[in-house]
Amino acid sequence: MTKIRFSQFSECESMDLKKLLKEKNLTSRQLSDLCQIPYSTVNDIINGKRNLAKCTAETVWKLAKQLDLSMEELLIQEEKRISFELYKS
């Protein structure tokens, strides 16, 4: 499995979890199974229906660990995505 590091993303490019999963050859179902998080939760996070910052620390930690990111890196990128969604219209 290829490791994707946070530093590979430019500051202005928001990390897309779907893109990251594709580069790691993972599906949302596989990520769910590996993290032992309900599929509906993972799917909602990936599709922007659930705010990662409102998830438990355990959920964020499991996702970050599996994606080879720190919790902070994952949450910062989620915050950038939400900010972009608010102002893109």
Side-chain angles (χ1 to χ4, degrees):
M1 197 173 345
T2 305
K3 287 189 175 189
I4 307 295
R5 294 304 314 161
F6 179 72
S7 58
Q8 291 176 295
F9 297 95
S10 68
E11 283 184 13
C12 60
E13 179 184 2
S14 181
M15 178 179 58
D16 181 2
L17 288 176
K18 288 180 186 178
K19 181 179 176 183
L20 185 59
L21 286 176
K22 186 175 182 177
E23 290 174 2
K24 292 177 131 318
N25 295 318
L26 283 174
T27 65
S28 53
R29 175 69 68 186
Q30 289 170 323
L31 181 61
S32 168
D33 291 343
L34 290 168
C35 294
Q36 297 180 343
I37 297 171
Y39 171 73
S40 60
T41 301
V42 172
N43 194 47
D44 286 351
I45 291 168
I46 290 171
N47 290 311
K49 294 179 182 178
R50 181 173 294 197
N51 186 344
L52 189 59
K54 293 185 178 180
C55 291
T56 65
E58 181 180 17
T59 297
V60 176
W61 179 79
K62 286 178 178 182
L63 289 170
K65 182 179 176 189
Q66 193 59 46
L67 296 172
D68 296 318
L69 299 170
S70 71
M71 291 173 64
E72 293 83 6
E73 290 169 333
L74 188 58
L75 289 169
I76 287 169
Q77 291 306 308
E78 176 71 7
E79 185 177 303
K80 285 182 183 178
R81 184 189 64 77
I82 291 170
S83 295
F84 176 73
E85 291 293 322
L86 288 174
Y87 296 107
K88 76 176 184 180
S89 53

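One is the number of the first residue; the rest follow in order along the sequence. Just the heavy atoms: all of them, side chains too, but no hydrogens, waters or symmetry mates, feed the values below.
Side-chain contact between L52 and L63: present, with at least one pair of heavy atoms (C-beta onward) separated by less than 4.5 Å. Counting only heavy atoms from C-beta outward, the side chains of I45 and I37 never approach each other to under 4.5 Å.
The line from CG of L31 to NZ of K62 is 11.5 Å long, rounded to the nearest 0.5 Å. Interatomic distance, OG1 of T41 versus CD1 of I46, reported as 11.0 Å (0.5 Å rounding).
In terms of heavy-atom proximity, Q66 sits nearest to C35 at CB-SG, 3.6 Å. Contact between R50 and C55 at its shortest, heavy atoms only, is CD-SG, 3.7 Å. Contact record, D68 with K24: OD2-NZ, 3.2 Å, taken as the closest heavy-atom pair. Listed here is the closest heavy atom pair of S28 and V42: O-CG1, 3.7 Å. Closest non-hydrogen pair, S32 versus P38, comes out as OG-C, 3.5 Å.
The backbone N or O of Y39 sits nowhere less than 3.5 Å from a side-chain atom of N43 that would complete a donor-acceptor pair. No side-chain donor-acceptor contact under 3.5 Å links N47 to the backbone of K49.
Among the candidates L74, I76, V60, the single residue satisfying the side chain to side chain contact (heavy atoms under 4.5 Å, CB included) test with L69 is L74.
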